[in-house]
Each structure stands twice: as C-alpha cells, then as structure tokens.
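Structure record follows, encoded as structure tokens.
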Amino acid sequence: MSDPPGMLHPELLAKGGADSIERDGRRLDHAEGSSKPLRATPEPQPRGAKIHGNRPVDQAEAAARFIAAPEHEKMHDERLWDLRQKRDREMHGIPEWEELRSLASAIKEHTLTRLDEYLDRFEANARSNGVHVHWARDAAEHNRIVHGILKDHGAKSLIKSKSMLTEECGFRPYMASVGIEVIETDLGERIQQLDNEDPSHVVVPAVHKLRTDVAQVFSRTIGTDPGNSDVHYLAESQREATRPLILKADAGMTGCNFAVAETGSAVVCTNEGNADLSANVPKLHIASVGIEKIIPRLEHLAVFVRLLSRSALGSPITQYTSHFRGPREGGEMHFVLVDNGRSERLGMTEFWASLKCIRCGACMNTCPVYRRSGGLSYGATYSGPIGLIIDPTFNARKYSNLPFASTLNGSCSNVCPVKINIHEQIYAWRRELVKRHEVPFAKKAAMKAAGELLSRPATYRAAIAAADIALAHLPRFVIYNGLNAWGKHREVPHPPKQSFHSWHRANRGDKG
C-alpha cells in the first residue's frame, strides 16, 4: 500500500531519518509530532464574530476579517489540511475502515434509540463503584451542581481538562462569578483562556493562532519574552507557570469522550496527560458527561478508540486513554450527566443523528469554508460543519446564518467516522429556518426570484442571453457594484460564446 499523493510535506514520508520509527517497512508518525513546522510573518490576530445578544451572528463579516489576515488564513488552512491528509493516510492503512465506520454508526444509533435504558444502567453501575451521580437538565443546572459540590468541599480552585460541554455551559464565566478559579490544563485551552477567547476547534483549540500570537499572549500573562516564539520555549514556559497551580488545586474536572454503561466508567482521551492530572492530583474529581456520550459495553469502546484519533489528528491512537471508574482511596468522584437540549434534539426527525458526534473535528479539518474562515467566525461553541447543525438546536435565531456558511460539497459527511449525514442536515436546516421565518428578507426575496426564474426555461434562457450581452459590453464599474456579491472577492467569469442549450440544439437536436 502506497501513501496517497499530494502530501503537504512529502519529506515526512522519507525513511531512515534520525527520528523516524518504522514498522513493517512503513514509517510511523503521531499527529502534530510528524508535521514540518509552518512559519509565517507576524501580523495582528483577527478576532472572532461580534456577538450582539440574540441577534443573528454575522459569520460572513467575521470570516472576511480572518481572510483579510493572509498569514493567519494560510496557516490555518495548511494546518488543518495537513491533519486531513494524515487522517486519509491512516484510513488507507486499515482495510476494515468503512466497516468500522458502519459499526460505530450502528452502535450509536442503537444506543440513542434506547438512551433511557443505558443511562439508567450507567448510573446504577457508577453508583455501585462509589461514584456520586447527578442529573442536570440544562447548562445552568450543571453549573449550580458543580458549584454546590465545590462549595461543600470548600474548594476555591479547580483544574480542568478540555471539555466542549463545559464550554457549552458557560462554566468558566459562572465559576468566576462565584469566586472560584478555573485553570485549563490543556495547552490549547490554556492559551485561549489566557487570551480571553473561546476555543476555535473541538480538538486543537488554538489552531487559528500563529506562534507569534501565542508569544504575545504569554508575554502579557505569564511574563515570557515577547520576541521569542520558539514553540518549545513557549510550551515549557506555560508548563512551569501552570504546574504549581495544578499541584495546589482543590478540585479537578474532566470531560468525557465515552461513558460505558456496562462498567459505569468515564473514558477520556488526551495527548497531553492533563486529564490524568486533573482527575488524580486533587482528591475531588468531577466529570461532566453529555448524555449522548453513552455506549453500551466496554467491547464497543475499541471501535471508537480506533476511529477517534485517526479521524481527528491522523494518529493511530491518543497518547492517553484513561478509564475513570471510581474514586481513589480517600478521594471522591462525581459524574454530572447533562441534557441541555439533547433530549429535544433526539426527538427531531431530521437532526437527531447529530447526537452520534464523537467530537473528532474531522469535518472541520476538511471543510473549505471552515479552513479559510477560522472557527471563531461562527460565534458559537461548535463551529464548522458540525456546528452548523448543532448550534441552531440551541438558538435558531442567533445561529440562523450558520447553515448558509457551506458549499454543501459533502466532504464533511464523507470523513465523519460515525457517518452523520452532515451536509444533508445543513440543507435541512436551511429549509427549517425558512419555515421559521429566520432568513433575512433580502435572501428570501432573492431565492424566490431565482426559483421563479429557474422554473421557467424560456425566461431563464432569455435572462442568460441578456446577462451574457451585458457582461460583454457594460463598463466594469457598472458590473462591479455593491449588488454584485460575487464580484466583491473574485472576477466575474467571461461570458461564453454559446450556451450549452444552444450548442445542444445545433449539434444534437436532430439526434434524439
């Protein structure tokens, strides 16, 4: 089996390098560890979408600002495409890849259709392991429950590994409001926390930042040299600054990649070991668990573990796959099972399959829109293709623009390890938003006019002929005006000498 062509850095395939590890004649690599460093000229980092209460997020405006920063846009695109290509290499190395995807999708569908049964089983087994289990209807209840646990233990500081669920719940701002310090232990999350930004990607939270951006953040917050953007220096400086906070923390929190009903255990997959620190350094461990993370049996976990890191980073497995089954001696463990709209989504005929998501980010890495617009342009916890179908379930008005930030090319569905029909759901959300009157009047009017035109072949052909004549003869300033959205960022194509319809009529019209 040969590696697919078109690698961003072909030299990574070279054998016999000083740092290479080979098995069965094939070089092994692991995620970013095998990537050639990408260097860029420093430029100010574009910020994310501007949030104005419940008003629709203007993703296009924020994306335009990101694209206007060429170093960031190029670096972001290359980094994520590199991950996509690594994912493809790993996929081609497993003959049963498609079988694994089908099996993972079937396991998720089975579990979601019997979710109440497996949640009850998980709770019973977790309690029998000595774990305290709590149920949270929404984000606010999740935050209150965790606050209550911390208050009961007199905890004033909490170390936390990466968790998109806690981002979804607005956990850190809530904890700050009640005087409890939260320290992110994942490097990317810590960078974003220190810069007062949300994560821009579900796996690599600071992927939109240049190393010079990180150098500025660390200089401002932990006192590093602003002129030193060496990644080893920055990582070590952050480690030295954060490790004392970890060692003296009163409590620890993790998310949960998979919750195994059979064993009542929470499984967390990381590459930095920070979840193990968060769970084991303090005596109090709290895990936030979305109810859709349940899988029936431990044997099913093997299917997802083989798919997760390969899909996310193009590596065979995460460095750490940690099973948290019960509290350590003298310690205490709590699982908070969170709904926050998931039950409602489960009842949505066209959108329930989004609950299969294992948060690998593969759809984001392949998406041409996401790669070039940056995750923060979406103004939501979940960005990229998966965000387009999840975010409107939380707030259809606020995120009404997001399903239109897609080309519907289907690449997201093709790479999804659990076979979510993402592009079909994006299209379904467009229809749903029109029904709910959450589409701007100008867009509705334009689509209605287009529908009328396309439904009348003779009128359509006449309009095309008139447009071709106009493009060929009108002055440039007339064509490139404020109403021509296409012409804002690209040249209008030259009009063809002949339409396909007229060519077909002249050349094939009498041939049936």
Side-chain angles (χ1 to χ4, degrees), residues 31-33 35 38 45-49 62 66 72 75-80 82-84 159-173 182-218 221-222 231 234-235 237-239 241-242 253-257 268-275 277-278 288 290 308-309 311-315 318-320 357-365 367 370-371 373-387 390-391:
E32 294 104 327
S35 292
L38 302 175
Q45 181 201 322
R47 310 309 282 189
F66 190 81
H72 284 81
M75 185 75 71
H76 192 260
D77 185 24
E78 289 197 6
R79 278 173 172 166
L80 295 173
D82 193 23
L83 295 181
R84 162 64 205 270
I159 53 173
K160 177 173 128 2
S161 69
K162 185 166 58 183
S163 164
M164 294 308 295
L165 176 59
T166 58
E167 296 288 344
E168 176 187 318
C169 292
F171 177 72
R172 282 208 317 264
V182 175
I183 300 101
E184 296 286 353
T185 58
D186 174 89
L187 176 58
E189 284 280 359
R190 184 61 173 165
I191 292 169
Q192 291 303 94
Q193 180 183 22
L194 293 175
D195 200 24
N196 195 31
E197 274 192 333
D198 294 331
S200 69
H201 189 285
V202 295
V203 175
V204 276
V207 69
H208 61 294
K209 277 180 162 61
L210 306 179
R211 63 179 67 191
T212 50
D213 298 330
V214 178
Q216 293 302 312
V217 173
F218 283 2
T221 55
I222 61 176
V231 293
L234 293 172
S237 298
Q238 192 279 147
R239 183 182 297 112
T242 306
M253 172 178 273
T254 67
C256 173
N257 290 94
V268 182
C269 304
T270 69
N271 283 316
E272 299 176 22
N274 55 300
L277 288 173
S278 299
S288 294
L308 178 61
S309 194
S311 298
L313 298 172
S315 59
T318 49
Q319 300 277 22
Y320 302 87
C357 178
I358 60 173
R359 305 291 192 266
C360 69
C363 63
M364 306 164 81
N365 299 342
C367 176
Y370 175 86
R371 292 203 321 267
S373 61
L376 296 180
S377 69
Y378 294 77
T381 299
Y382 303 105
S383 54
I386 192 65
I390 291 180
D391 295 328

Measure from the side-chain N and O atoms of Ser200 to the backbone N and O of Pro205, and report whether any donor-acceptor pair falls under 3.5 Å.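 Checked: pair present.
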Which residues pass the side-chain hydrogen bond (donor to acceptor under 3.5 Å, both in side chains) test with Ser383, not counting sequence neighbours?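 For Ser383, no residue satisfies side-chain hydrogen bond (donor to acceptor under 3.5 Å, both in side chains) once neighbours in sequence are set aside.
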Would you say the ring centroid of His208 lies under 6.0 angstrom from that of Phe66?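 Ring centroids of His208 and Phe66 are no less than 6.0 Å from each other.
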Full working for side-chain contact (heavy atoms from CB on, under 4.5 Å) between Leu80 and His201: CA-CA 10 Å; Leu80 295 173; His201 189 285; 3.9 Å; yes
For residues 187-195, dump all side-chain donor-acceptor pairs below 3.5 Å to protein atoms at least two apart in sequence or in another chain.
unit_1	atom_1	unit_2	atom_2	d
Arg190	NH1	Gln193	OE1	2.8
Gln192	OE1	Lys209	NZ	2.7
Gln192	NE2	Glu197	OE1	3.1
Gln192	NE2	Asp198	O	2.7
Gln193	OE1	Glu184	N	3.0
Gln193	NE2	Val182	O	2.6
Asp195	OD1	Arg220	NH2	2.7
Asp195	OD2	Arg47	NH1	3.3
Asp195	OD2	Arg47	NH2	3.3
Asp195	OD2	Lys209	NZ	3.0

Ignoring hydrogens and angles, state whether a donor on the side chain of Asp213 or His72 is under 3.5 Å from an acceptor on the partner side chain.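 Their side chains do contain a donor-acceptor pair, which is all the 3.5 Å distance test asks for.
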Can you see whether Tyr382 engages Glu168 through a side-chain donor-acceptor pair at a distance of less than 3.5 angstrom? yes
Go through the steps to decide whether Asn257 and Leu308 satisfy the test side-chain contact (heavy atoms from CB on, under 4.5 Å), and finish with yes or no. CA-CA 10 Å; Asn257 290 94; Leu308 178 61; 4.1 Å; yes
Please name all residues satisfying side chain to side chain contact (heavy atoms under 4.5 Å, CB included) with Ala275, sequence neighbours left out, ordered by chain then number. Ser161, Thr254, Val268, Thr270
Step by step, would you call Tyr320 with Glu272 a side-chain contact (heavy atoms from CB on, under 4.5 Å)? CA-CA 8 Å; Tyr320 302 87; Glu272 299 176 22; 5.8 Å; no
Is the closest side-chain heavy-atom distance between Gln216 and Gln45 below 4.5 Å? no
Could you walk me through whether Val202 and Met364 pass side-chain contact (heavy atoms from CB on, under 4.5 Å), step by step? CA-CA 9 Å; Val202 295; Met364 306 164 81; 3.8 Å; yes
